[in-house]
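All remarks here apply to the structure that follows.
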Amino acid sequence: MNISVTLPDGSIREYDKPVSALAVAEDISPRLADASVCAELDGKLIDLNHIIDHDATLVLHTFKSEAGKETYWHSTAHLMAQAVKQLFPDVLVTIGPAIEQGFYYDFDRDASFTDEELLQIEKRMHELCAQALPYTRTELSKAEAIKLFSDMGESYKLELLDAIPDADIISSYRQGDFVDLCRGPHVHNTTKIKAIKLLKTSGAYWRGDEKNKMLKRIYGISFPTNKELNEYMLFLEEAAKRDHRKLGKDLDLFSMNDEVGPGLVLWHPNGAMIRHLIESYWKEEHLRKGYKLVYTPHVGRSNLWETSGHLGFYNESMYSPMEVEGQDYYIKPMNCPFHIHIYNANHHSYRELPIRLAELGTVYRFERSGVLHGLMRVRGFTQDDAHIICTPEQLDNEVEKLIVFSLDMLKHFGFKDFMIYLSTQPEGSVGEKEDWDKATNSLAASLTKLGLEYSVDEGGGAFYGPKIDIKIKDAIGRAWQCTTIQFDFNLPKRFNMQYIGADNTAHQPFMIHRAVLGSVERFFATLLEYHGGNLPIWLAPTQVMLIPITDGQLDYANELMERMQQSGLRCEIDPRSEKMGYKIREAELKKIPFMCIVGKNEAANGQVTLRQHTKGDLGTMDLDTAIATINSHA
RNA sequence: GCCGAUGUAGCUCAAUGGUAGAGCAAUUGAUUUGUAAUCAAUAGGUUGGGGGUUCAACUCCCUUCAUCGGCUCCA
């Protein structure tokens, strides 16, 4: 018998009898064998001790690969469950997957896990690692699996088994006294798991459904070396420094206030300036791209929301009505109905389309108290909203332009990495299947044509249409939705939107609802975190701080400020009788991009000494050179 | 909303159930300074709100509000 194993580099290794993946790894190098956590046999993930008994391609995964990390963390989750079961035998295990950064395991237990208990569990995990317990895979029939887990009293596992077809072969993994229902693969021994940190606890609904029981979740992470764990902990610390809530306070950008109410933002002058700059840019770009700016009211009569259907399908997110002269008015959770009425105020010919109505529209939505999160999730926010009304023929072109426009705008703010999602028709949606397909295909085709990678969220569209979402990550890797491009098959019909076609009859237009930044609040927060507070100079509320060394240079500094302001720079003076070092330190902490230091020498020669934030002294030069230098960074 | 943690001066944080404190910031004064903190004085508080236990509560209990980390939901 001869078995040949093809490796990713194309090399082939021959064996005269079946071998384990681990043996192949050892054959290549002991170091690779040591670093490997799982393998991929003919594209299927396997355990390292899986026996290869046929000609096959083999990829060995170390912790460096995605699959390696996932296996490593998943195995750590099992290890944690084992420790928890040993320490707290009454706890029932449920599920425990690997996640993007680490793993979690959900347990059914009345009390929450305390910080002390977490340390206790962590300690037990290390002890179990030291015992060098092998992870062993066992395949069994569904009936056997049911017997196994019902003997253990693990009712949640039985519920999971329930969903598996009777004829399927089920795998379980055992290490020491712990058995878990699991597809695998796993590391082959607990010694593989070295550095462990249990990070936090939380509640989590069984199967993610809030009608179900709330379980107790423990999050953790693990690494092959302590060094990597320490680096990760450092990364979390660094990320905390970039948190927009901290930066918002430090740089005096915005605040929330108990008395004003949760989820309602107060924009301080510095934050308001940044917002103003974002919005001005946004307006100019939209005008350049053929959008028309509109303004609409903050409230609308109940009839409007009945026609739009919001009172039916969006009621939970809307605030209670206010009564005016016997009529109910609602504060708007969306801008669409108003934009539609602007469209409907006139008759439209197909020759006018597409019509693009844009507004920085402030909306108010009721968000449950537990979900509020800095500026990322608030109750009053401004959408950079627009509605594109077009003919079916114009659809593809509009979508494509829209995606390009969105990405260009995000890039202009410095963003580079995006996650793009295409969400398709969900259950119980409105509109014709034919239209859905056309719209979904149009979205997909545009993404493909532009060479963009995207994930499909099957059935994740709104009930009224498919959509494309673009997400950006925050400081600790949480993804936040910014751009959303949504079709709407619902409102054009409800509001009876029409245009007169070339055939001189009325047609219903297509409508795209879109926001590029998403909401100004969330975008602002993401922007702040992305740049760690060091905004690009065109967005810095103060671009230059003039620092006179003594009172003697105050007049000169004032003159400089005036000239800089004339040239369009946002410039301020620090006139206090503090030492220069103190003023510099403060300007640095405020993350002001440039400082102009002027002392006796500069005043005498009509010069300035320029200093760049985080970079330091750039030397002495005349004002025009300084202004040019500053502008070259814009 | 649910599970848990937290809430003390503008900010960052101290204080066994026994007189609420520090640093920075602020104000006033002195200092006139050369690339990340000059010195001194002053002022600043119903310890998130309400209730309770106690001779005595920042500290213990109840309740409520907010924030933080998750879950569910979402721009």
Side-chain angles (χ1 to χ4, degrees), chain A residues 104 106 109-115 199-219 240 243 245-246 249-250 252 255-263 314 316-317 333-334 361 363 365-379 381-385 462 469-471 476 478 480-484 486 513-523 525-526 547-554 576-590 595 597-602 609-620:
Chain A
Y104 68 76
D106 287 347
R109 184 197 194 205
D110 286 338
S112 278
F113 292 98
T114 64
D115 288 351
L199 296 162
K200 59 197 173 194
T201 58
S202 90
Y205 299 109
W206 168 236
R207 298 196 143 174
D209 188 335
E210 65 179 323
K211 289 188 204 76
N212 289 342
K213 183 166 185 184
M214 182 152 270
L215 307 168
K216 302 298 186 292
R217 175 173 296 182
I218 303 177
Y219 285 92
D243 190 307
R245 289 163 298 191
K246 178 173 166 46
K249 199 177 269 177
D250 290 351
D252 196 15
S255 64
M256 315 265 203
N257 177 284
D258 248 28
E259 197 168 292
V260 173
Y314 209 70
E316 282 184 3
S317 298
M334 291 191 193
V363 297
R365 298 181 184 174
F366 169 71
E367 298 284 354
R368 299 203 281 181
S369 58
V371 307
L372 299 174
H373 180 99
L375 293 183
M376 296 288 192
R377 194 75 185 272
V378 289
R379 285 183 174 159
F381 58 99
T382 301
Q383 291 184 305
D384 67 314
D385 212 353
D469 292 327
I470 303 178
K471 297 186 184 184
I476 55 170
R478 288 178 294 205
W480 292 95
Q481 183 178 318
C482 287
T483 304
T484 183
Q486 310 185 344
H513 170 113
R514 46 112 284 181
V516 174
L517 310 178
S519 84
V520 178
E521 285 75 7
R522 177 177 293 180
F523 182 76
T526 319
I547 300 179
I549 291 179
T550 74
D551 292 353
Q553 291 86 46
L554 266 177
R576 296 172 299 176
S577 71
E578 294 289 348
K579 291 177 87 164
M580 179 191 58
Y582 180 87
K583 297 185 193 177
I584 288 175
R585 176 183 159 78
E586 207 147 278
E588 288 284 351
L589 291 175
K590 291 287 176 202
M595 284 147 266
I597 288 122
V598 291
K600 238 184 353 214
N601 302 335
E602 287 83 354
T609 297
L610 198 59
R611 181 191 162 99
Q612 192 178 357
H613 171 54
T614 70
K615 301 250 165 58
D617 197 349
L618 297 183
T620 304

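Note on naming: letters A, B, ... go to the chains in the order of the sequence lines (proteins, then strands), and numbering restarts at 1 for each one. In this text, all values refer to a predicted model and were calculated from it rather than measured experimentally.
Of the charged side-chain nitrogens involved, at least one lies within less than 4.0 Å of a carboxylate oxygen, so that A/D243 and A/R245 count as a salt-bridged pair.
Closest to the side chain of A/S577, from the set B/U31, B/U67, B/G4, is B/U31. Candidate nucleotides B/G34, B/A75, B/G69 were compared by shortest atom distance to the side chain of A/S202, and B/G69 ranks first. The listed nucleotides are B/A36, B/C71, B/A25; the one nearest the side chain of A/Y582 is B/A25. For A/D258, taking side-chain heavy atoms from C-beta onward, the closest of the listed nucleotides B/A25, B/C71, B/A66 is B/A66. Among the nucleotides B/G69, B/A66, B/U32, the one closest to any side-chain atom of A/P262 is B/A66. When each of B/U33, B/A25, B/G69 is scored by its nearest atom to the side-chain atoms of A/H373, the top-ranked nucleotide is B/G69. If you check B/G69, B/G34, B/U35 against the side chain of A/D617, the one that comes closest is B/U35. Of the candidates B/A75, B/G70, B/G34, the closest approach to any side-chain atom of A/R377 belongs to B/A75. With B/A36, B/G1, B/G4 as the choices, the nucleotide that has an atom nearest any side-chain atom of A/I584 turns out to be B/A36. With B/C3, B/A36, B/C71 as the choices, the nucleotide that has an atom nearest any side-chain atom of A/V371 turns out to be B/C71.
Side chains of A/C482 and A/I470 form no contact here, defined as non-hydrogen atoms less than 4.5 Å apart. Counting heavy atoms from C-beta on, the side chains of A/L215 and A/R217 never come closer than 4.5 Å. By the 4.5 Å heavy-atom criterion applied to side chains, A/E367 and A/L372 are counted as neighbours.
Nucleic acid contact class of A/E586 (heavy atoms, under 4.0 Å, all strands): none. If you check every strand for non-hydrogen atoms under 4.0 Å, A/G599 touches a base. Residue contacts shown for A/G581 are limited to sugar-phosphate atoms, with no base heavy atom under 4.0 Å away. Residue A/G374 is in sugar-phosphate contact alone, with no base atom involved, counting any heavy-atom pair closer than 4.0 Å across all strands shown. Across all strands shown, A/K583 has no heavy atoms under 4.0 Å from either base or sugar-phosphate atoms. Nucleic acid contact class of A/L589 (heavy atoms, under 4.0 Å, all strands): base. When heavy atoms are screened at a 4.0 angstrom cut-off, A/E588 is found touching base atoms of the nucleic acid. In this structure, A/T609 reaches the bases: a heavy-atom distance under 4.0 Å links it to at least one base atom across the strands shown. Here A/R365 lies in heavy-atom contact (under 4.0 Å) with a base. Among the atoms of the strands shown, only primed sugar atoms or phosphate atoms (P, OP1, OP2) are found under 4.0 Å from some heavy atom of A/K200. A/V378 comes within 4.0 angstrom of a base, heavy atoms only. Residue-level contact check: A/G518 touches the backbone only, with heavy atoms under 4.0 Å from sugar-phosphate atoms and none from bases. The residue A/D384 sits apart from the nucleic acid: no heavy atom pair falls under 4.0 Å.
You won't find any donor-acceptor pair under 3.5 Å spanning the side chain of A/R379 and the base of B/C74, going by distance alone. Within 3.5 Å, a donor on the side chain of A/E367 pairs with an acceptor on the base of B/A75, or the reverse. One cannot find a donor-acceptor pair under 3.5 Å joining the base of B/G70 and the side-chain atoms of A/Y205. Contact annotation: side chain of A/R368 to base of B/U72, donor-acceptor pair present below 3.5 Å. On a pure distance criterion of 3.5 Å, a polar donor-acceptor pair joins the side chain of A/E602 and the base of B/G34.
Each of A/L372 and A/M214 was matched to the nucleotide of RNA chain B holding its nearest heavy atom; the match closer to the 5' end belongs to A/M214. The nearest heavy atom of RNA chain B to A/F366 and to A/Q383 marks one nucleotide each, and the one closer to the 5' end goes with A/F366.
Base pairing analysis places B/C68 opposite B/G4; the two distances defining the Watson-Crick or G-U wobble pair are each below 3.5 Å. In this entry B/G23 has B/C11 as its Watson-Crick or G-U wobble partner, both defining distances falling under 3.5 Å. B/U59 makes up no base pair with any nucleotide shown, lacking Watson-Crick or G-U wobble contacts both under 3.5 Å. In this structure, B/A75 makes no Watson-Crick or G-U wobble pair, since no nucleotide meets both defining distances under 3.5 angstrom. Under the Watson-Crick or G-U wobble criterion, with both distances below 3.5 Å, B/U38 is paired with B/A30.
In terms of heavy atoms, A/F366 sits closest to A/E316 at CD2-O, 3.5 Å.
Here, B/G45 and B/G4 have their C1' atoms 30 Å apart, quoted to the whole Å. One P atom belongs to B/U59, the other to B/G52, and the distance between them is 14 Å to the nearest Å. Between B/U53 and B/U6, the two P atoms lie 25 Å apart (nearest whole Å). Comparing B/C58 with B/G48, their C1' atoms are spaced 12 Å from each other, to the whole Å. For the P atoms, the distance from B/G1 to B/A9 is 26 Å, rounded to whole Å. B/U47 and B/G21 are spaced 12 Å apart, taking the C1' atom of each and rounding to whole Å. To the nearest whole angstrom, the two C1' atoms, one in B/G23 and one in B/A37, are 12 Å apart.
Here B/A37 presents its C1' atom at 11 Å from CZ of A/R576, a figure rounded to the nearest Å. The nearest whole Å value for the distance from the CE atom in A/M376 to the P atom in B/C74 is 18 Å. Distance CE (A/M580) to C1' (B/U31): 16 Å, rounded to an integer number of Å. Note: CG (A/L517) to P (B/C74) measures 21 Å, nearest angstrom. One can place CG of A/L375 at 14 Å from C1' of B/U67, the figure rounded to the nearest angstrom. Between the CD atom of A/E259 and the P atom of B/U67 there is a distance of 14 Å, given to the nearest Å. Atom CG in A/N212 sits roughly 16 Å away from atom P in B/C2 (whole-Å rounding). Here B/G29 presents its P atom at 14 Å from CD of A/E578, a figure rounded to the nearest Å.
The side chain of A/K471 places no N or O atom within less than 4.0 Å of a non-bridging phosphate oxygen (OP1 or OP2) of B/A75. Close to B/C3, at under 4.0 Å from its OP1 or OP2, lies no side-chain N or O of A/K216. Considering only side-chain N and O atoms, A/R585 lies nowhere under 4.0 angstrom from the phosphate OP1 or OP2 of B/U38.
Few gaps surround NZ on A/K471; more than 12 heavy atoms of other groups in view lie less than 6.0 Å from it.
The backbone N or O of A/K583 sits nowhere less than 3.5 Å from a side-chain atom of A/E586 that would complete a donor-acceptor pair. A/D469 places no side-chain N or O within 3.5 Å of a backbone atom of A/Q481 that could act as its donor or acceptor partner. Judged by distance alone, the side chain of A/D385 and the main-chain N or O of A/G361 form no donor-acceptor pair under 3.5 Å.
Within the model, atoms NZ of A/K579 and CZ of A/R585 stand 14.0 Å from one another, a figure rounded to the nearest 0.5 Å.
The ring of A/Y219 does not lie on top of the base of B/G70; it is either too far (5.5 Å or more) or too tilted (30° or more).
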